[in-house]
Amino acid sequence: LLFCFGLFSCLLQVQAENVKPPERTISNLNAAIEGEANASNRYRQFAKKADAENYPQVAKLFRAISRAEEIHQKNHESAIKQLGGTVVVFQLQPVRAGTTKENLKEPILSERQEKSETYPEFIRQARRDHAMNAMETFTYARDAEFQHEHLLDQALKHFGKNKKMDYYVNTKTGSTI
């Protein structure tokens, strides 16, 4: 039994080395990495603007979401490496921070699009490619985007009267509460 297990493991290892990385899923992971990195950077800049305009609660929210986007980025990078792919180098897009209120409005549509269109398509492709680790990281990101949209929407609805609260970001999934 031990010999068979050892032989089976060896056969699996040889087979895995000869498998070509799933190109479309790798491409989707790279697109997600770039998107998450830019979002994280944008939220960091928005937090600075909110602090400067004396909206500390909104700044705290922007920092929490920025951290979640960083976690998604790192998860996507890890999935690419596990799949035998290469992380593509990219340049961050310039950020133009508007007023804090404008900075709350702008990302709501992005978060909605990511949770409703981008990540569901990425998940479907990863499933077709049998890339379970990519499915997992895409699912974590999609679920967090639901939370981000809701948190941003609530902050906008209560703008200027935002209740003081702390935010918590799950270091594995990026879930933000």
Side-chain angles (χ1 to χ4, degrees), residues 15-50 58 61-98 102-153 155-156 167-177:
Q15 185 181 21
E17 289 173 4
N18 293 327
V19 173
K20 194 170 143 191
E23 290 179 27
R24 291 191 63 197
T25 293
I26 298 290
S27 177
N28 289 344
L29 283 162
N30 272 308
I33 289 167
E34 184 174 356
E36 298 291 355
N38 277 296
S40 179
N41 183 48
R42 189 169 45 252
Y43 285 121
R44 272 193 307 277
Q45 300 308 313
F46 290 175
K48 289 177 187 175
K49 184 69 167 187
V58 176
L61 173 60
F62 284 144
R63 282 191 292 276
I65 296 174
S66 174
R67 178 67 181 118
E69 306 297 13
E70 282 177 17
I71 291 166
H72 300 154
Q73 176 188 350
K74 291 189 184 338
N75 286 345
H76 299 332
E77 288 172 355
S78 176
I80 284 180
K81 292 171 186 170
Q82 290 171 14
L83 290 169
T86 303
V87 176
V88 174
V89 177
F90 60 89
Q91 191 166 5
L92 290 175
Q93 298 169 353
V95 176
R96 186 202 71 75
E102 291 169 341
N103 294 340
L104 280 168
K105 287 179 187 176
E106 183 261 324
I108 291 173
L109 294 175
S110 304
E111 299 287 346
R112 186 174 298 141
Q113 191 263 332
E114 287 178 354
K115 74 166 179 134
S116 300
E117 298 171 29
T118 305
Y119 278 116
E121 177 51 39
F122 287 178
I123 292 166
R124 284 190 292 276
Q125 183 60 49
R127 185 176 295 121
R128 285 190 291 268
D129 288 341
H130 306 287
M132 303 314 271
N133 52 353
M135 277 179 51
E136 181 179 68
T137 187
F138 289 150
T139 300
Y140 289 160
R142 181 206 56 204
D143 293 350
E145 305 309 347
F146 273 97
Q147 296 166 329
H148 298 166
E149 179 189 6
H150 175 74
L151 291 167
L152 291 164
D153 188 54
L156 185 59
Y167 298 98
Y168 299 91
V169 180
N170 183 297
T171 57
K172 178 177 173 147
T173 66
S175 177
T176 311
I177 55 171

Side chains of E114 and H148 in contact at under 4.5 Å (non-hydrogen atoms): no

Polar side chain donor-acceptor pair, Q73 to E77, under 3.5 angstrom: yes

Over all atoms of both residues, closest heavy-atom pair of K172 and I71: O-CG2, 3.8 Å

Which atom of A134 lies closest to which atom of T25, heavy atoms considered: CB-CG2, 3.5 Å

Side-chain (N103) to main-chain (F46) donor-acceptor, under 3.5 angstrom: no

Main-chain N/O of L92 paired to N38 side chain as donor or acceptor, under 3.5 Å: no

Separation between CG of L83 and CE of M132, rounded to the nearest 0.5 Å: 11.5 Å

Salt bridge flag under 4.0 Å for residues E102 and K105: no

Over all atoms of both residues, closest heavy-atom pair of A131 and P22: CB-CG, 4.4 Å

Residues F62, L152; criterion side-chain contact (heavy atoms from CB on, under 4.5 Å); working and verdict: CA-CA 9 Å; F62 284 144; L152 291 164; 3.9 Å; yes

Donor-acceptor under 3.5 Å (H72 side chain, T173 main chain): yes

Heavy-atom pair of closest approach, residues E149 and R112: OE2-NE, 2.6 Å

Step-by-step side-chain contact (heavy atoms from CB on, under 4.5 Å) determination, I26 to E23: CA-CA 5 Å; I26 298 290; E23 290 179 27; 5.7 Å; no

Nearest-0.5 Å distance that lies between atom CD1 in I108 and atom NE2 in H150: 11.0 Å

Any side-chain donor near an acceptor of the partner, R128 and Q125, under 3.5 Å: yes

Derivation and outcome, salt bridge (Lys or Arg N to Asp or Glu O under 4.0 Å), residues R44 and E69: CA-CA 11 Å; R44 272 193 307 277; E69 306 297 13; over 6 Å; no

From CA spacing to verdict: side-chain contact (heavy atoms from CB on, under 4.5 Å), I65, Y167: CA-CA 9 Å; I65 296 174; Y167 298 98; over 6 Å; no

Gap separating the NE2 atom of H76 from the CG atom of N30, nearest 0.5 angstrom: 10.5 Å

For the student: nearest non-hydrogen atoms of A68 and G174, plus distance: CB-O, 3.2 Å

Separation between CD of E117 and CZ of R142, rounded to the nearest 0.5 Å: 14.0 Å

CE on M135 to CG on D129, rounded to 0.5 Å: 11.0 Å

side-chain contact (heavy atoms from CB on, under 4.5 Å) assessment of E106 paired with R42: CA-CA 11 Å; E106 183 261 324; R42 189 169 45 252; 3.6 Å; yes

Residues Q82 and N133: side-chain donor-acceptor under 3.5 angstrom: yes

Rounded distance [0.5 Å steps], NZ in K74 versus CD in E36: 12.0 Å

